[in-house]
Amino acid sequence: MQVESSKYLAQCRPYLLKVLDGLRGSYTEASVLACDSYSKRYSVSGRGISVAEDDLYTKRGFVLRMKDEKGYAEYSFNHIGDECVDEIIREAKKLALRVKLPEEIVPMKRSEGEKKKETFKGSTEYAVHPLALGDKAIVERLSSIRASGLSSDEKIMDCIVNVEFQEIHKLFLSYEKDLEQNILWTGGALVMLAGRGEEVKECYRGFSMLGGAE
């Protein structure tokens, strides 16, 4: 199966295009990068069981980038709808006006080739989505792996098993480009702690793949 497109970004697309249309004529280049990502982390160890969203990788938001003869300016925001398109355009232009290069720096002129419309839509493959498998099944599988690790040798003090997945959706729109990617990534780690007397050793094995719970 392929990772499906983000319904949220699909809803935002027409408003993002309105923002770009509102900037056309004022800037030689304008683009917006939209992101909708979700991540969840599972851990089983001697300290207990942890299941939680990963705040670092769970996010939604937009970055607008504009270019004129003075240089580049970027404006970020986390909400868009028909009611705020004009405000986003206004605030982005206001920010760009404050971008001033030092007098001793002259912008580099480059030849502009023929600009062609580019479109791309790509999604990674997966067999089993972690959300479909469910938290209970994932924790049971990790607990089984941990139990096997603990029983492998009497010197084993703890076996820590982690797994995390990220579902990443990104949309890039500009005057000439319409690019979209949808990715499911899964990674994990196994940490073994072994002791002999006062000496403690740690062994770490990690893995990652484009795919799901398979």
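These numbers were taken from a predicted model, which means no experiment stands behind them.
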Notebook entry, point to check: Would K121 and D178 count as a salt bridge (charged side-chain N to carboxylate O under 4.0 Å, His left out) if you check the C-alpha gap in whole Å, the side-chain angles of each, and the deciding distance to 0.1 Å?
Noted result: CA-CA 8 Å; K121 181 178 180 180; D178 186 327; over 6 Å; no

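- In the displayed structure, R196 atom CZ is contacted under 6.0 Å by at most 12 heavy atoms of other residues, nucleotides or ligands.
- Judged by distance alone, the side chain of S123 and the main-chain N or O of V3 form a donor-acceptor pair under 3.5 Å.
- Put simply, the side chain of I156 reaches to within 4.5 Å of the side chain of M192, judged on heavy atoms.
- At least one donor-acceptor pair closer than 3.5 Å links the side chain of E214 to the backbone N or O of G212.
- Environment of CD in E4: sparse, with no more than 12 heavy atoms of neighbouring residues, nucleotides or ligands closer than 6.0 Å.
- Taking each heavy atom of A189 and F207 in turn, the nearest pair found is N-CE2, 4.2 Å.
- In terms of hydrophobic clustering, with Ile, Leu, Val, Met, Phe, Trp and Tyr side chains grouped at heavy-atom distances under 4.5 Å, I160 and I49 are assigned to different clusters.
- More than 12 heavy-atom neighbours from other residues, nucleotides or ligands sit within 6.0 angstrom of OH on Y175.
- Annotation: side chain of Q2 is not in contact with side chain of T124 (no heavy-atom distance under 4.5 Å).
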Distance-only check: which donor-acceptor pairs under 3.5 Å involve side-chain atoms of residues 30-44, not counting sequence neighbours?
unit_1 : atom_1 : unit_2 : atom_2 : d
D36    : OD1    : R60    : NE     : 2.9
D36    : OD2    : S6     : OG     : 2.7
S39    : OG     : E164   : OE2    : 2.9
S39    : OG     : F165   : O      : 2.9
K40    : NZ     : D135   : OD1    : 3.3
K40    : NZ     : D135   : OD2    : 2.9
R41    : NH1    : E164   : OE1    : 3.4
Y42    : OH     : D135   : OD1    : 2.7
S43    : OG     : N162   : OD1    : 2.6

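- Contact annotation: the side chain of N182 never approaches that of I168 to less than 4.5 Å [non-hydrogen atoms, C-beta and beyond].
- L210 and Y57 fall into different hydrophobic clusters, where Ile, Leu, Val, Met, Phe, Trp and Tyr side chains are chained together by heavy-atom contacts under 4.5 Å.
- Nearest approach of R13 to L173, heavy atoms of both residues: NH1-CD2, 3.8 Å.
- More than 12 heavy-atom neighbours from other residues, nucleotides or ligands sit within 6.0 angstrom of NZ on K117.
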Notebook entry, point to check: H169 and E180: side-chain hydrogen bond (donor to acceptor under 3.5 Å, both in side chains), yes or no, with the steps?
Noted result: CA-CA 8 Å; H169 305 274; E180 178 186 339; 5.9 Å; no

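- The cluster map of Ile, Leu, Val, Met, Phe, Trp and Tyr, joined by side-chain heavy atoms under 4.5 Å apart, puts V85 and Y75 in the same cluster.
- Partners of D153 by salt bridge (Lys or Arg N to Asp or Glu O under 4.0 Å), not counting sequence neighbours, listed by chain and number: K155.
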Next item on the list: Please report the C-alpha distance between D158 and R47 in whole Å, then the side-chain angles of each, then the deciding distance to 0.1 Å, and finally whether the salt bridge (charged side-chain N to carboxylate O under 4.0 Å, His left out) criterion is met.
Entry: CA-CA 9 Å; D158 197 4; R47 294 183 177 181; over 6 Å; no

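- Contact annotation: the side chain of W185 approaches that of Q166 to within less than 4.5 Å [non-hydrogen atoms, C-beta and beyond].
- Taken together through direct or relayed side-chain contacts under 4.5 Å among Ile, Leu, Val, Met, Phe, Trp and Tyr, Y8 and L184 form parts of separate hydrophobic clusters.
- Ion pairing between a basic and an acidic side chain is recognised when a charged N comes within 4.0 Å of a carboxylate O; K93 and E91 show no such pairing.
- Using a 4.5 Å heavy-atom threshold, the side chains of L142 and R146 count as separate.
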Next item on the list: Assess whether salt bridge (charged side-chain N to carboxylate O under 4.0 Å, His left out) is satisfied between K201 and E199, documenting all intermediate values.
Entry: CA-CA 7 Å; K201 295 290 186 179; E199 185 180 17; 3.6 Å; yes

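- No continuous path of hydrophobic side-chain contacts links M157 to I145 [ILVMFWY only; heavy atoms under 4.5 Å].
- A salt bridge links R24 with D21: the closest approach of a Lys/Arg side-chain nitrogen to an acidic carboxylate oxygen falls below 4.0 angstrom.
- At distances below 3.5 Å, at least one donor-acceptor pair connects side-chain atoms of S152 with backbone N or O atoms of G149.
- Residue E83 places its CD atom among more than 12 non-hydrogen atoms of other residues, nucleotides or ligands, all under 6.0 Å distant.
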